[in-house]
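We use all heavy atoms of the structure for the numbers below, so side chains are in, but hydrogens, waters and symmetry mates are not. First the proteins, then the strands, lettered A, B, ... as listed; each starts at 1.
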Amino acid sequence: MTIEAPRPRNFIEEAIEEDGRTGRYGGRVHTRFPPEPNGYLHIGHAKSICLNFGLAKKYGGQCNLRFDDTNPTKEEVEYVDSIMNDVRWLGFEWDGLYYASDYFPQLYAWAIQLIEAGKAYVCDLSADEIRAHRGTLTQPGKNSPYRDRPVAENLALFARMREGEFSDGARTLRAKIDMASPNLNLRDPVLYRILHAEHHRTGNAWCIYPMYDYTHGQSDSLEQITHSICTLEFENHRPLYDWFLDALDIYHPRQIEFARLNLTYTVMSKRRLLELVQGGFVSGWDDPRMPTIGGLRRRGYTPESIRAFCDRIGVAKFNSTIDVAVLEGAVREDLNRTAPRAMAVLRPLKLVIENYPAGQVEELEAINNPEDPSAGVRLVPFSRELFIEQDDFREVPPKKFHRLTPGAEVRLRAAYIVKCTGVVEDQSTGEIREVRCTYDPQTKSGLPSADRKVKGTIHWVSAQHAVQAEVRLYEHLFSQPDPSDVPEGVDYKATLNPNSLEVLKSAQLEPSLAHSKPGDRFQFERNGYFCVDTRDSLPGRLVFNRTVTLRDTWAKIEKSG
RNA sequence: UGGGGAAUAGUGUAACGGUAGCACGACUGACUCUGGAUCAGUUAGUCUAGGUUCAAAUCCUAGUUCCCCAGCCA
């Protein structure tokens, strides 16, 4: 075992290192990420993925990808494909690729072994009857009348179940443990149920399917997993996980539970995510507002930023909710380093430079990324008529407003200092149609004489060269940190944020952006990070998604003032 | 009501009987041709009550609060 870090970073690493010291698994570390292929991966899964693959990497071990596909009625290959794609996109490659369904024959043989050992029996009770016999949290259950069936009869019946002689739900195979156990999972849990359903991998080879509890530990065992890491709700299942392995007397991995991820302003359960998609509250599983890996990817998040996020939030057993600002901070940090800058005017306002020669065009040099000198420079066309951001002009400026306002000077990014001389208003509506200004030729960016101090710098785009594009601005999907925090009888969907998507149809971009490709990421200076949409953007009809805004000190000042 | 877990700044997460630290946020200030970034600084915490100890977030006792479990889902 290789220990790279001076000390364990969390209780799971502590456990692993303890096992390393005691030689419990011969110094091996082998984890696995075991999704059920019944939905798309989300940021919560990313935490588990980073944990499992990260542990294997840190300790020089291995990590498998295993599909927990024991319920044919819910699982589909489409999900298998998307899950593999998402794991790879996050930057991980599995050592072994397995399916629980690969183990059906072995699981079946083990079931016979348990029957022969008198530790499992075929039960004829219906689902309702089993429930009635189970007892309650405070009262013990009652034994099934079929509990003491002779071994030979159990064997024969189980074989007939497998042969398809019985209808769905007619019988089950159950473990014979303890109907009085305070842990309900130990009250003779069902091992196999009859399901005449086609499985995405095994087709119609089986009509009985093993349950999760009966499958998971043995699958871990077969793969020689050392540490089987799962979420807190499986803590109550650990005694059963251990029971099967002991009863079968096979290699015994260690199950360790940690708290699943919760994020503010969103929901994470598959059920709710599905509801948002099916109810049309979002455009699909990869809607950029969704916390799915696909949604985050389309939104412009980088794998690096998601990994940094998972690293930052830690691993513990406390049921916590992470502020989504941590996720946003992680992507800002990454994109600040890597995203090329560009100028884009989201809500255009015409600015006319009265003393700039009509027809003249200058190609001005602009820095691509101040954080990365190797990113170089590009040329941006400048002319008499520009677009600036509506927010960057105020006829009556509020306090501390550092932008364009009548009589004031402002620097045009990478260009000249201009002075506002007035506005042209629409005669009938009084709306500002354009802002007029003059420029100072001595202040061209780069000239020694350009160093004059001005209050602010704003971005711009030459009107005649601008590329028009659609820009989609996203905000949190829900309007309150905890969408579930609603009065009795009110659905969480009532807290959906009505402004989570704003579409700007006529943003004006600098021409260098014209040939950007789907997935390309940029920082639109002073606005935020944006990426070309991978679904709807077309050459000549570009669509950009806002990944996240820049930190906006002015917005805070304005809000508090 | 039975069982299983968990409680440390606003949010997360360390400290393993010996200085309560880190990240994010918030707030100051510096710097800046992005009100970005960066830099410097400030703020703020051991669930409660007892006990053991020279010394307790840590050990003991009793409470409080929160989460999970009664699928032939995973």
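The CG atom of A:L232 sits 9.0 Å away from atom CZ of A:R260, with the distance rounded to the nearest 0.5 Å. For the atom pair CD1 of A:I256 and CG of A:D19, the computed distance is 7.0 Å after rounding to the nearest 0.5 Å. Within the model, atoms CG of A:L125 and CZ of A:R171 stand 11.5 Å from one another, a figure rounded to the nearest 0.5 Å. Expressed to the nearest 0.5 Å, how far CZ of A:F382 lies from CD of A:E510 amounts to 14.0 Å.
In this structure, A:D69 contributes its side chain and A:S101 its backbone to a donor-acceptor pair below 3.5 Å.
In this model, no side-chain donor or acceptor of A:D323 finds a partner on the base of B:C24 within 3.5 Å. If you check distances only, the side chain of A:R341 does reach the base of B:U34 with a donor-acceptor pair under 3.5 Å. Applying the 3.5 Å distance criterion, the base of B:U34 shares a donor-acceptor pair with the side chain of A:Q523. At a cut-off of 3.5 angstrom, counting only N and O atoms as typed in the model, there is no donor on one side facing an acceptor on the other between the side-chain of A:H133 and the base of B:A70. For A:R551 against B:G35, a side-chain-to-base donor-acceptor contact under 3.5 Å is absent. Judged by atom type and distance alone, A:E558 does not reach the base of B:G35 through any side-chain donor-acceptor pair under 3.5 Å.
Using a 4.0 Å heavy-atom cutoff across all strands shown, A:R403 reaches at least one base atom of the nucleic acid. Within 4.0 Å of A:G39, counting heavy atoms only, lies no atom of the nucleic acid at all. At a threshold of 4.0 angstrom between heavy atoms, the contacts of A:P140 with the nucleic acid are absent. Counting any heavy atom pair closer than 4.0 Å across all strands shown, A:L232 reaches no nucleic acid atom. Here A:N71 lies in heavy-atom contact (under 4.0 Å) with sugar-phosphate atoms only. In this structure, A:F401 reaches the bases: a heavy-atom distance under 4.0 Å links it to at least one base atom across the strands shown. Across all strands, A:G329 comes closer than 4.0 Å to no nucleic acid atom at all (heavy-atom distances). Within the nucleic acid shown, A:F234 comes within 4.0 Å of at least one base atom, counting heavy atoms only. Using a 4.0 Å heavy-atom distance criterion, A:H216 is classed as making no nucleic acid contact. Using a 4.0 Å heavy-atom cutoff across all strands shown, A:E371 reaches at least one base atom of the nucleic acid.
Each of B:C72, B:G5, B:A74 was ranked by its minimum atom distance to the side chain of A:K317; first place goes to B:G5. Comparing B:C24, B:C69, B:A74 by their nearest atom to the side chain of A:V326 picks out B:C24. If you check B:G35, B:C33, B:C24 against the side chain of A:K453, the one that comes closest is B:C33. Side-chain atoms of A:L184 lie closest to B:G2 of the nucleotides B:G2, B:G71, B:U8. Of all nucleotides listed (B:C24, B:C69, B:C72), B:C72 comes nearest to the side chain of A:I130. Considering only side-chain atoms of A:T172, the nucleotide from B:C72, B:A74, B:G12 that sits closest is B:C72. The side chain of A:A127 approaches B:C72 more closely than any other nucleotide in the set B:A7, B:C72, B:G36. The side chain of A:T457 has B:G35 as its nearest neighbour among B:U8, B:G35, B:G36. Closest to the A:L550 side chain, of the nucleotides B:C68, B:G36, B:G35, is B:G36. Picking from B:A70, B:A74, B:A37 the nucleotide with the shortest atom distance to the side chain of A:D68 gives B:A74.
If you check B:U46 for Watson-Crick or wobble pairing at under 3.5 angstrom, you find it has no partner at all. Across all strands shown, B:C22 forms a Watson-Crick or G-U wobble pair with B:G12, both key distances being under 3.5 Å. Pairing partner, B:G2: B:C69, with both Watson-Crick or wobble hydrogen-bond distances short of 3.5 Å. For B:U58, there is no paired nucleotide, since no Watson-Crick or G-U wobble pair has both relevant distances below 3.5 Å. If you check B:U34 for Watson-Crick or wobble pairing at under 3.5 angstrom, you find it has no partner at all.
A donor and an acceptor atom, one from each side chain of A:Y492 and A:E275, are located under 3.5 Å apart. With no hydrogens or angles considered, no side-chain donor-acceptor pair links A:Y529 and A:E328 at under 3.5 Å. Remark: the A:E257 side chain and the A:Q255 side chain contain an N/O donor-acceptor pair separated by less than 3.5 Å.
The gap from the P atom of B:U58 to that of B:U8 amounts to 13 Å, rounded to the nearest Å. Using C1' as the reference atom, B:A49 and B:C24 are 34 Å apart when rounded to the nearest Å. Going from the C1' atom of B:U52 to that of B:G17 covers 11 Å, rounded to whole Å. Comparing the P positions of B:G5 and B:A44 gives a spacing of 37 Å, expressed to the nearest Å. For B:A15 and B:C73, the C1' atoms lie 40 Å apart once the distance is rounded to whole Å. Taking atom P on both nucleotides, B:A9 is separated from B:A70 by 31 Å, rounded to a whole Å. Using atom P as the reference point in both B:A23 and B:A40, the two lie 11 Å apart (nearest Å). Distance noted for atom P between B:G71 and B:U13: 31 Å (whole Å).
Distance, A:H237 NE2 to B:G4 P: 15 Å, rounded to whole Å. The interatomic distance linking A:N185 (CG) with B:C69 (P) rounds to 10 Å, in whole Å. Look at CG on A:N336: it is 14 Å from P on B:G35, rounded to the nearest Å.
Residue A:S320 places at least one side-chain N or O under 4.0 Å from the OP1 or OP2 atom of B:U13. An OP1 or OP2 oxygen of B:A26 is reached within less than 4.0 angstrom by a side-chain nitrogen or oxygen of A:K556. Close to B:A74, at under 4.0 Å from its OP1 or OP2, lies a side-chain N or O of A:T70. The phosphate of B:G12 (OP1 or OP2) has no side-chain N or O of A:R312 nearer than 4.0 angstrom. Residue A:R134 places at least one side-chain N or O closer than 4.0 Å to OP1 or OP2 of B:G71. For the pair A:T136 and B:G2, the criterion of a side-chain N or O lying under 4.0 Å from OP1 or OP2 is not met. Phosphate proximity of B:A74 to A:R193: present, with a side-chain N or O under 4.0 Å from OP1 or OP2.
Toward the 5′ end of RNA chain B lies the nearest nucleotide of A:N183, the other residue of the pair A:N10 and A:N183 mapping further downstream. Residues A:K400 and A:A325 each lie close to RNA chain B; by heavy-atom proximity, the contact nearer the 5' end of the strand is made by A:A325.
Note that A:R413 lies outside the cation-pi zone of A:W460, set by a 6.0 Å cut-off to the ring centre and a 45° limit from the axis.
In this structure, A:H402 forms an aromatic stack with the base of B:G35, since both conditions hold: centre separation below 5.5 Å and plane angle below 30°. Judged by centroid separation below 5.5 Å and plane tilt below 30°, A:W554 stacks onto the base of B:G35.
Annotated as syn: B:G71, whose glycosidic dihedral is within 90° of 0.
The local environment of NZ in A:K419 is sparse, with at most 12 non-hydrogen atoms from other residues, nucleotides or ligands closer than 6.0 Å.
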